[in-house]
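So the structure is just underneath, and the comments pick up after that.
Keep in mind the model is a prediction, meaning the values are calculated, not measured. Just so we're on the same page: letters track the sequence lines, and every chain starts at 1.
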Amino acid sequence: METIDTSQLEIIQKELAQKVVIFENGQGYIPENEDIIFSLDVQYVGEQAYVALDVMRWSGELLGIFGSLQVATFSYIPQFFSFREAPILINLIKAVQQKTGFKPALLIIDGHGIAHPRRFGVACYVGIETQIPTIGCAKEPLLRYEGNLGNERGSYIPLFLENEEVGSVLRTQNGIKPVFVSAGHLTSLEVANQVILTLSTTYRISEPLRRADHAARCYAKGESLPNFSIV
DNA sequence: GCGACAG
DNA sequence: ATCTTGTCGC
């Protein structure tokens with residue numbers, strides 16, 4: 001087992017976090033019908049990373065799902081997840097843009113944005129590197145929170161860091177465990193919540209992230225899938 | 001000091 | 001994330 005000095009990584013995170021731009025509610029990126037949205041997820045087999053990227057329009061149209069096999073070069077450390085996964089995600093985003101010509105207006109990442117101890121989740125890393133508006137949506141919280149969440153779809157309670165609202169505990173389906181939403185770059189928390197809720201039509205997880213998750217799983221198992229192309 | 005800790 | 005059985009429900 002290799003011990004890693006996370007104190008140096010914390011310094012790097014704090015520096016990079018200064019490049020992150022989060023807008024107040026009502027400002028920054030707001031989705032429009034023609035906008036193309038990229039949503040990504042990864043399945044690991046050891047250090048082999050099977051990455052999938054869903055392409056859809058905000059209007060709902062599915063344009064395709066793309067994948068690539070990459071190798072993770074950084075181990076998973078809680079709070080430092082971005083150093084492992086962001087480079088992998090960025091590689092596929094750039095490859096898909098280059099090979100298909102799709103220009104994403106928004107990226108949706110499986111993980112946190114600024115709802116992170118040093119305001120630098122994986123969605124922030126991807127955002128500042130691509131300079132594309134980015135939202136993070138995680139299945140587990142990284143910041144502690146208190147309060148009672150309403151049982152109905154759309155209920156949410158804020159996630160605070162040093163008295164600042166940095167994210168939301170958002171219920172996407174009635175009576176179902178919530179997800180944890182935050183802005184990653186160039187958008188607002190309000191838009192992040194609205195986008196995730198709007199795209200979570202049937203299940204706890206939003207449709208594009210579910211498709212990416214499913215595609216990455218099939219890809220990792222060598223199973224074929226319609227609309228899926230390796231880039 | 002001890003526990004908790006995205007994927 | 002992954003390792004894992006049966007089971008419930010659409």
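A salt bridge is absent between A:Arg57 and A:Glu32; no separation between the charged side-chain nitrogens and carboxylate oxygens falls under 4.0 Å. Look at A:Asp110 and A:Lys139 and you find a salt bridge, because one of the NZ, NE, NH1 or NH2 atoms lies within 4.0 Å of a carboxylate O, short of that distance. Residues A:Lys19 and A:Glu129 are not paired through a salt bridge, judged by the lack of any N-O separation under 4.0 Å between the basic side chain and the carboxylate.
Within 6.0 Å of atom OH in A:Tyr50, more than 12 heavy atoms from other residues, nucleotides or ligands are found, so the atom counts as buried in its surroundings.
With 3.5 Å as the limit, one finds no donor-acceptor pair spanning the side chains of A:Arg119 and A:Gln13. Between the side chains of A:Ser188 and A:Glu190, not a single donor N or O lies within less than 3.5 Å of an accepting N or O.
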- prompt: How does protein contact run along nucleotides 2-7 of chain B, one letter per nucleotide 5' to 3', with B for base contact, S for sugar-phosphate only, - for none, heavy atoms under 4.0 Å?
  reply: --SBBB

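As rounded to whole Å, 13 Å separates atom C1' of C:dT2 from atom CG of A:Asp213.
Annotation: cation-pi geometry satisfied between A:Arg84 and A:Tyr44 (NZ/CZ under 6.0 angstrom from ring centroid, within 45° of ring axis).
Contact annotation: the side chain of A:Val195 approaches that of A:Pro31 to within less than 4.5 Å [non-hydrogen atoms, C-beta and beyond].
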field: Pairing string, 5' to 3', for DNA chain B - Watson-Crick or wobble contacts under 3.5 Å, brackets [ ] where pairs cross, | to another strand
entry: .......

